[in-house]
There are 2 protein chains.
Amino acid sequence: MNFTTHLTTNNIKPSIQRIKIFEYLYNNKIHPTVDTIYTGLVNEIPTLSKTTVYNTLKLFVDNKIATTVTIEDNEVRYDAFLEEHAHFKCDDCGGIYDVEIAIKELKYKELSDFRVDKTNIYLNGKCKKCLTK
Amino acid sequence: MNFTTHLTTNNIKPSIQRIKIFEYLYNNKIHPTVDTIYTGLVNEIPTLSKTTVYNTLKLFVDNKIATTVTIEDNEVRYDAFLEEHAHFKCDDCGGIYDVEIAIKELKYKELSDFRVDKTNIYLNGKCKKCLTK
DNA sequence: GTATCTGCAAAACATTTGCAATTCT
DNA sequence: AGAATTGCAAATGTTTTGCAGATAC
């Protein structure tokens, strides 16, 4: 994956900050928060500010190369993995995992009233590690 | 629905604040925020504080007579309608609607790694009103 | 040289916490 | 009186905004 080309293709001018933030998202599929991204990059880009991280992520979401994950109350997380998948959160350790959907058959009543553009599936429970400890 | 009895049955001592907040949630299925609930009740209970609204909703969620709706980034909403349903948010007007699920067939890979206790399905798109205007 | 992008500092919100006053039994 | 509940005020944490300086074309 060439990050510079990827940004350009999606109408985003590739600055150092934007390239590094996208690279971080792509290489760290841990659904990081703004703070996690900032902390993870500030050593490499000492002048980085959180404002830039916020601006850049908003730009990515607007241009559909990233999505928000709001499984957690009061903290927005980000994801550059765009294929459809569910998110699982362990209510014990707080870890968030991608879960591949094998069969998805969802049908709704009253659906003629809406045009659905996006479906988010969030699962909560306990992960194996927390179940066995 | 007798709200006082409902609270008592669920091990919640029924104070005026608790009864009125539950009644508001039950009668206003608009997935209100803490602020909406507070504003909707402060005329009726002039001494009401937001802290009490926060405390009371936490109590309701802990005792499973209400759930949180986090379809919106950075704002927690509450719901007293407990039957399984999806939530639809119109990205245009911001309205949030309950959507009844007619068929639900979701299967995941890697599921042996988790025990799923709760599934939230959030839909985004455009509502009829916004599609035709 | 003009547009855009970055980043500091302050402001704006949502939520939590500590504690004192109030209420209930 | 004793225990639980309420609510004010302050603190915390996240996100947004205004604007000045830096960078890119």
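Computed from a prediction, not measured in an experiment: that's the story for all the values here. Here is how names work: the chains are called A, B, and so on, in the same order as the sequence lines, proteins then strands, and each is numbered from 1.
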Aromatic contact, B:Phe60 with B:Tyr78 (centres under 6.0 Å):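 No - the distance between ring centres of B:Phe60 and B:Tyr78 does not fall below the 6.0 Å cut-off.
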Syn-anti status, with the boundary at 90° from 0, for the nucleotide C:dA3: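 It is syn.
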Separation of [N] [atom2] from [X] [atom1] (nearest whole Å):
| X | N | atom1 | atom2 | result |
| --- | --- | --- | --- | --- |
| A:Tyr38 | D:dG13 | OH | P | 16 Å |
| B:Leu59 | D:dA4 | CG | C1' | 12 Å |
| B:Ile37 | C:dT15 | CD1 | C1' | 14 Å |
| B:Tyr78 | C:dT15 | OH | P | 6 Å |
| A:Asn55 | D:dT17 | CG | P | 10 Å |
| B:Ile45 | D:dG7 | CD1 | P | 8 Å |
| A:Ile12 | D:dA24 | CD1 | C1' | 17 Å |
| B:Leu57 | C:dA14 | CG | C1' | 13 Å |

5' priority, DNA chain D, between B:Ile16 and A:Glu75 [closest heavy atom]: B:Ile16
Residue met sooner reading DNA chain D from 5', once B:Lys13 and B:Asn74 are mapped to nucleotides: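 The answer here is B:Lys13.
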State which of [options] makes the closest approach to the side chain of [X].
| X | options | result |
| --- | --- | --- |
| B:Arg18 | D:dC8, D:dT5, C:dT16 | D:dT5 |
| A:Gln17 | D:dT16, C:dT6, D:dT5 | C:dT6 |
| B:Ser15 | D:dT5, D:dG7, C:dT6 | D:dT5 |
| A:Thr51 | D:dT16, C:dT6, C:dT16 | D:dT16 |
| B:Val34 | C:dT6, C:dT15, C:dT17 | C:dT15 |

Do you know which two heavy atoms are closest between [X] and [Y], and how far apart they sit?
| X | Y | answer |
| --- | --- | --- |
| B:Phe88 | B:Asn124 | CE1-C, 4.0 Å |
| A:Pro32 | A:Leu25 | CG-CD2, 3.8 Å |
| A:Asn63 | A:Asn10 | OD1-O, 3.5 Å |
| B:Tyr122 | B:Val69 | OH-CA, 3.7 Å |

Whether B:Thr68 side chain and B:Val76 backbone form a donor-acceptor pair below 3.5 Å: no
Donor-acceptor contact below 3.5 Å, side chain B:Arg18 vs main chain B:Lys13: yes
Rounded distance [0.5 Å steps], NE2 in B:His31 versus CZ in B:Phe81: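 Separation between the atoms: 8.5 Å.
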B:Tyr54 vs C:dT16: side-chain N/O to OP1/OP2 distance below 4.0 Å: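 No, outside the criterion.
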Distance test, side-chain N/O of A:Thr52 to OP1/OP2 of C:dG7, below 4.0 Å: yes
Sugar-phosphate, base or nothing in reach of B:Thr47, heavy atoms under 4.0 Å: sugar-phosphate
Between the first and last five pairs of the helix from C:dT4-D:dA22 to C:dT25-D:dA1, the angle of the axes, rounded to 10 degrees: 20°
